[in-house]
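Heads up: the structure comes next, in structure tokens.
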Protein chains: 2
Amino acid sequence: MVGVVNDVKLPETLAFRLGTVGAVVADRFAERIAAHDLKPKHAGLLTALSAGEVASQQDLAARLGVAPSLVVALADHLEGLGAIERVRDPRDRRRQVLTLTGHGRELLQACGEAARSLDEEITAGLSAAQRKALQAALGVLAAEAGRR
Amino acid sequence: MVGVVNDVKLPETLAFRLGTVGAVVADRFAERIAAHDLKPKHAGLLTALSAGEVASQQDLAARLGVAPSLVVALADHLEGLGAIERVRDPRDRRRQVLTLTGHGRELLQACGEAARSLDEEITAGLSAAQRKALQAALGVLAAEAGRR
DNA sequence: TATTGTTATACTCTATAACTATA
DNA sequence: TATAGTTATAGAGTATAACAATA
């Protein structure tokens, strides 16, 4: 091994692989939810609404890590689909409180099913043990990523 | 458990997590290589050059899954940095053969080191076994993603 | 004066289409 | 006529900044 430089192979790093695999998976997810007239960011907004108690558009912007003006556009679209409702907070009329409608919950469920079937395709080449390990490790990373 | 709908939780799917984690990691990688005046796509092009025998711009476009016109822009930039050289193929003067220069190899190495140090931060919250499992599983997924 | 949501604007990324030169 | 590369143009996505209503 003498003479072999201690070089790092970029394509073998987790960072590079997570980035490339993530982009491919995100594209495929986007294709599947496009039939519902949704894009990944819409699914993210619906998810945040269903999960947390946060509901003002500013809160959502912070939670999703996007500009407040983008939340306006996302919410406009979701409202047009009947997936969410905007209600002025009576105690502070500057705030818009967003809530999921029944249809919004249905759409979120459809996104979940699209993701689940995609999961099956993705993990087709992995052993059961690998799937479990991947699920666990990504759970940790996703929690960290959400905290930023 | 009676009464609990069999709902899929989107944020717990691999597809959703890979997409969100991948985006965060890609952003952080981009921040680190920006000091070298590179973006992730440049690193991808350098990687493809260093790995394969393919070298024409059309080949690269197919390999990276981007439009040929984008390869022009990426190659222009890399050539300006002195990272690659363009040489006309004498047997078919329409083709440009791209080759890595010594500086290009240095830059690729720097990207690899940036990714490696990012890997350490990313996996700080994982056990050694989880790291290994994640590495193996992502290796499979990256190979699949690259084949599309 | 500060904050929420909105609108107007601009910037980045990338693709499509038109064009040039070679074949 | 077909192909490699280039240039011109356009679209998607998103941020920044200016603005209106409310606090």
Side-chain angles (χ1 to χ4, degrees), chain A residues 19-20 22-24 26-31 33-34 37-45 48-49 52-80 84-99 148, chain B residues 19-20 22-24 26-31 33-34 37-45 48-49 52-80 84-99 148:
Chain A
T20 53
V24 168
D27 275 356
R28 291 175 69 183
F29 178 63
E31 282 168 17
I33 64 173
D37 204 7
L38 295 176
K39 300 191 175 178
K41 289 250 146 78
H42 297 123
L45 178 36
L49 276 187
E53 298 309 313
V54 293
S56 87
Q57 295 187 191
Q58 296 278 345
D59 289 342
L60 266 320
R63 176 78 115 75
L64 300 175
V66 300
S69 58
L70 180 54
V71 175
V72 174
L74 295 173
D76 281 352
H77 185 73
L78 291 170
E79 196 178 27
I84 64 170
E85 281 173 351
R86 272 181 169 121
V87 182
R88 285 274 167 204
D89 182 339
R91 279 166 308 195
D92 181 345
R93 294 186 39 71
R94 292 172 306 181
R95 311 181 93 225
Q96 302 259 47
V97 176
L98 307 189
T99 56
R148 311 185 81 234
Chain B
T20 54
V24 169
D27 276 355
R28 291 174 68 183
F29 179 62
E31 282 170 16
I33 64 174
D37 204 8
L38 295 176
K39 299 190 177 180
K41 288 248 146 79
H42 297 123
L45 178 36
L49 275 188
E53 298 309 313
V54 292
S56 87
Q57 295 186 190
Q58 296 278 346
D59 289 342
L60 266 320
R63 175 77 115 76
L64 300 176
V66 301
S69 58
L70 180 53
V71 175
V72 174
L74 295 173
D76 282 351
H77 184 73
L78 290 170
E79 196 178 27
I84 65 170
E85 279 173 354
R86 272 179 168 123
V87 180
R88 285 272 166 207
D89 184 340
R91 280 166 306 196
D92 182 346
R93 295 185 40 72
R94 292 172 305 180
R95 310 180 94 225
Q96 304 259 46
V97 176
L98 307 189
T99 56
R148 310 186 81 233

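Naming convention: chains lettered A, B, ... in sequence-line order (proteins, then strands); numbering from 1 in each chain. Being a predicted model, the structure only gives us computed values, none of them experimental.
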Margin query: What is the distance, to the nearest angstrom, from the CG atom on B/L45 to the C1' atom on C/dT14?
Written below: 15 Å
Checklist line | Atom pair distance, as rounded to whole Å: CG in A/L64 and P in C/dG5 | finding: 13 Å
Item checked: Any A/K39 side-chain nitrogen or oxygen under 4.0 Å from OP1 or OP2 of D/dG13 -> yes
Check: Between A/A75 and A/L98, which heavy-atom pair has the shortest distance, and what is it?
Finding: CB-CD1, 4.1 Å
Check: Is a side-chain N or O of B/R88 found less than 3.5 angstrom from the main chain of B/R94, in a donor-acceptor match?
Finding: yes
Next item on the list: Go through A/L60 and A/V66 one step at a time and tell me if the side-chain contact (heavy atoms from CB on, under 4.5 Å) criterion holds.
Entry: CA-CA 8 Å; A/L60 266 320; A/V66 300; over 6 Å; no
Next item on the list: Using a 4.5 Å cut-off on heavy atoms from C-beta on, say whether the side chain of A/V72 contacts that of A/Q96.
Entry: no
Notebook entry, point to check: Over how many whole Å does the gap from A/Q58 atom CD to C/dA2 atom C1' extend?
Noted result: 12 Å
Margin query: Within residues 69-78 of chain B, which residues have any heavy atom lying less than 4.0 Å from an atom of DNA chain D?
Written below: B/S69, B/V72
Checklist line | Approximate separation, where rounding is to 0.5 Å, of A/I84 CD1 and A/L78 CG | finding: 5.0 Å
Check: Whole-Å distance between C/dG5 C1' and A/L98 CG?
Finding: 11 Å
Margin query: From CG of A/L60 over to P of C/dT4, roughly how many Å is that when rounded to an integer?
Written below: 13 Å
Note to self: I need the residues from residues 85-95 of chain B with at least one non-hydrogen atom less than 4.0 Å from DNA chain D; give them sorted by number, or say none.
What the structure shows: B/R86, B/R94, B/R95
Check: Can you tell me how far P of C/dT3 sits from CG of A/D59, to the nearest Å?
Finding: 14 Å
Check: How far does CG of B/L64 sit from CD of B/Q57, to the nearest 0.5 angstrom?
Finding: 11.5 Å
Check: What pair of heavy atoms forms the shortest contact from B/A55 to B/L49, and how long is it?
Finding: CA-CD2, 4.4 Å
Check: With a 4.0 Å cut-off on heavy atoms, is B/Q96 in touch with a base, just the backbone sugar-phosphate, or nothing at all?
Finding: sugar-phosphate
Next item on the list: Check the distance between D/dA12's P and A/D37's CG and give it to me in whole angstrom.
Entry: 13 Å
Next item on the list: Let me know the distance between CD of A/Q57 and P of D/dA15, rounded to the nearest Å.
Entry: 15 Å
Check: Restricting to pairs with a member in residues 66-79 of chain A, which pass salt bridge (charged side-chain N to carboxylate O under 4.0 Å, His left out), not counting sequence neighbours?
Finding: A/D76-A/R86, A/E79-A/R86
Next item on the list: For residues B/H42 and B/D37, determine if any side-chain heavy atom of one lies less than 4.5 Å from a side-chain heavy atom of the other.
Entry: no
